[in-house]
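Residue indices begin at 1 and follow the sequence shown.
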Amino acid sequence: MRLPSIIKGDITCVEADAIVNAANEWMLGGGGVDGAIHHAAGPELYVACKAVSETTPGIRCPVGEARITPGFDLPAKFVIHTVGPRWKGGLNNEEEMLARCYRNSLALAANNNIVSIAFPLISTGAFAFPILPACRIAIRECSTFLKDDSLPSEITLVAYSGADLAALRQVIQELK
Ligand code: AR6
């Protein structure tokens, strides 16, 4: 099984073709990694996000889906915005919705001939998804994508904290 690479750091500094943003359905910025990405990309990112068409009033990216914009001032050429589920106890399809974030982001990357992509741990901050199940889903979905020879062929999971890095490493150990 091919596993995604795991690093600790700030995703806004990662030199991949695309980085993924843990956005919200409005896609107009926020806190956490979303705020950091908008800050590093510069104001053009907000303009590009605002130009994304709305599926229903105010909603540019429903939970589990993904949208792409340029990366502007980021080292990454593209930002793929996805919206994770808010954790509400686990009985509201949260696991499947989180899996869809990874799957749809990777499919959108493939459609844009993206070779390298880096993800933060979607939903594990403000949206309160428990860290270990979130890491299991992230690693499983990335590994599934890496099975065939299709793009993207270089997938990195970026842990922001030491605790998140330890959780990712624990899941890798479980798979060995
Ligand atoms: N690089 C990598 N990972 C980061 C960075 C960074 N610079 N900053 C934070 N993280 P969160 P969510 C990690 O809250 O849970 C926003 O307001 C963080 O430690 O950013 O999906 C949006 O607008 C955590 O592990 O995203 C939405 O409203 C992970 O990124 C909402 O929060 C995700 O934490 C989305 O919540």
Side-chain angles (χ1 to χ4, degrees), residues 3-55 58-85 98-127 129 131 134-135 137-139 141-142 145-146 150-165 167-168:
L3 293 167
S5 306
I6 286 164
I7 61 167
K8 180 173 178 291
D10 179 345
I11 202 165
T12 63
C13 302
V14 171
E15 294 190 10
D17 296 333
I19 62 169
V20 178
N21 183 18
N24 54 51
E25 292 174 295
W26 303 276
M27 271 185 71
L28 296 178
V33 72
D34 194 5
I37 287 173
H38 273 268
H39 181 77
E44 283 169 299
L45 182 60
Y46 178 88
V47 176
C49 285
K50 208 158 182 214
V52 170
S53 55
E54 298 181 2
T55 55
I59 307 293
R60 293 179 180 78
C61 185
V63 175
E65 295 191 14
R67 302 288 185 267
I68 191 165
T69 65
F72 300 104
D73 292 347
L74 288 162
K77 194 170 170 204
F78 297 102
V79 179
I80 291 181
H81 307 259
T82 190
V83 181
L98 184 60
R100 278 186 207 171
C101 289
Y102 288 94
R103 262 180 243 146
N104 285 326
S105 296
L106 289 165
L108 186 55
N111 286 340
N112 285 276
N113 295 315
I114 285 165
V115 176
S116 57
I117 184 168
F119 284 88
L121 291 172
I122 311 290
S123 281
T124 63
F127 286 175
F129 203 107
I131 187 71
C135 291
I137 291 165
I139 290 172
E141 294 304 325
C142 293
F145 229 85
L146 287 166
S150 62
L151 295 177
S153 55
E154 296 166 31
I155 307 177
T156 303
L157 295 174
V158 182
Y160 197 49
S161 69
D164 289 354
L165 182 67
L168 284 168

Q: If you look at every heavy atom in Pro70 and Leu45, which pair is closest and at what distance?
A: O-CD1, 3.7 Å
Q: Would you say His81 and Cys61 make side-chain contact, with heavy atoms under 4.5 Å?
A: no
Q: Kindly indicate whether the side chain of Leu3, heavy atoms from C-beta on, has any atom under 4.5 Å from the side chain of Leu146.
A: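 Heavy-atom side-chain distance check fails, nothing below 4.5 Å.
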Q: I need the minimum non-hydrogen distance between Pro120 and Ala22, along with the two atoms involved.
A: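 Of all heavy-atom pairs spanning Pro120 and Ala22, the closest is CG-N, 4.4 Å.
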Q: What's the shortest heavy-atom distance between Leu108 and Arg67, and which atoms?
A: CD2-C, 3.5 Å
Q: To the closest 0.5 Å, what do you measure between CZ (Arg103) and CD1 (Ile137)?
A: 9.5 Å
Q: Treating Arg60 as the side-chain partner and Glu54 as the backbone partner, does any N or O pair qualify as donor plus acceptor under 3.5 Å?
A: no
Q: Hey, is the main chain of Phe127 close enough, under 3.5 Å, to the side chain of Ser123 for a donor-acceptor pair?
A: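 No; zero donor-acceptor contacts below 3.5 Å.
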Q: Got a sec: does the CD of Glu15 have more than 12 other heavy atoms crowding it under 6.0 Å?
A: no
Q: Atom SG in Cys101, atom CD1 in Ile80: separation rounded to 0.5 Å?
A: 12.0 Å
Q: Starting at CD of Glu25, measure out to CD1 of Ile59 and round the result to the nearest 0.5 Å.
A: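 Spacing of CD (Glu25) from CD1 (Ile59) equals 4.0 Å.
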Q: How about Phe129 and Pro85: do any of their side-chain heavy atoms sit closer than 4.5 Å?
A: yes
Q: Thr12 and Leu74: side-chain contact (heavy atoms from CB on, under 4.5 Å), yes or no, with the steps?
A: CA-CA 7 Å; Thr12 63; Leu74 288 162; 4.0 Å; yes
Q: Taking all heavy atoms of Ala40 and all of Asp73, pick out the closest pair and write down the distance.
A: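 That would be O-CB, 3.4 Å.
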Q: Roughly how far apart are Ser161 OG and Lys8 NZ, rounded to 0.5 Å?
A: 7.0 Å
Q: With rounding to the nearest 0.5 Å, note down the distance linking CD1 in Ile11 to CD1 in Ile19.
A: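 Going from the CD1 atom of Ile11 to the CD1 atom of Ile19 covers 5.0 Å.
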Q: What distance separates Asp164 CG from Ile131 CD1, expressed to the nearest 0.5 Å?
A: 4.0 Å
Q: Return yes if some donor-acceptor pair links the side-chain N/O of Asp17 with the main-chain N/O of Ile114 below 3.5 Å, else return no.
A: no
Q: Please determine whether side-chain contact (heavy atoms from CB on, under 4.5 Å) holds for the pair Cys142 and Leu157, giving the CA-CA distance in whole Å, both sets of side-chain angles, and the decisive distance to 0.1 Å.
A: CA-CA 9 Å; Cys142 293; Leu157 295 174; 4.1 Å; yes
Q: Parallel, tilted or perpendicular for Tyr46 and His38, by the 30°/60° rule?
A: perpendicular
Q: Any idea which heavy atoms bring Ala109 and Ile117 closest together, and the distance?
A: CB-CD1, 3.9 Å
Q: Closest approach of Val158 and Gly9, non-hydrogen atoms and distance?
A: CG1-O, 3.3 Å
Q: With heavy-atom distances below 4.5 Å as the criterion, would you say the side chains of Leu121 and Cys135 are in contact?
A: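 When only atoms from C-beta onward are counted, Cys135 and Leu121 do touch, with a gap below 4.5 Å.
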Q: Using modelled atom types and a 3.5 Å cut-off, is there a donor and acceptor pairing between side-chain atoms of Tyr102 and backbone atoms of Phe145?
A: no
Q: Please confirm whether the backbone N or O of Gly29 pairs with a side-chain atom of Asn24, one donor and one acceptor, at under 3.5 Å?
A: yes
Q: Can you spot which of Thr82, Val14, Leu106 makes a side-chain contact (heavy atoms from CB on, under 4.5 Å) with Phe119?
A: Leu106
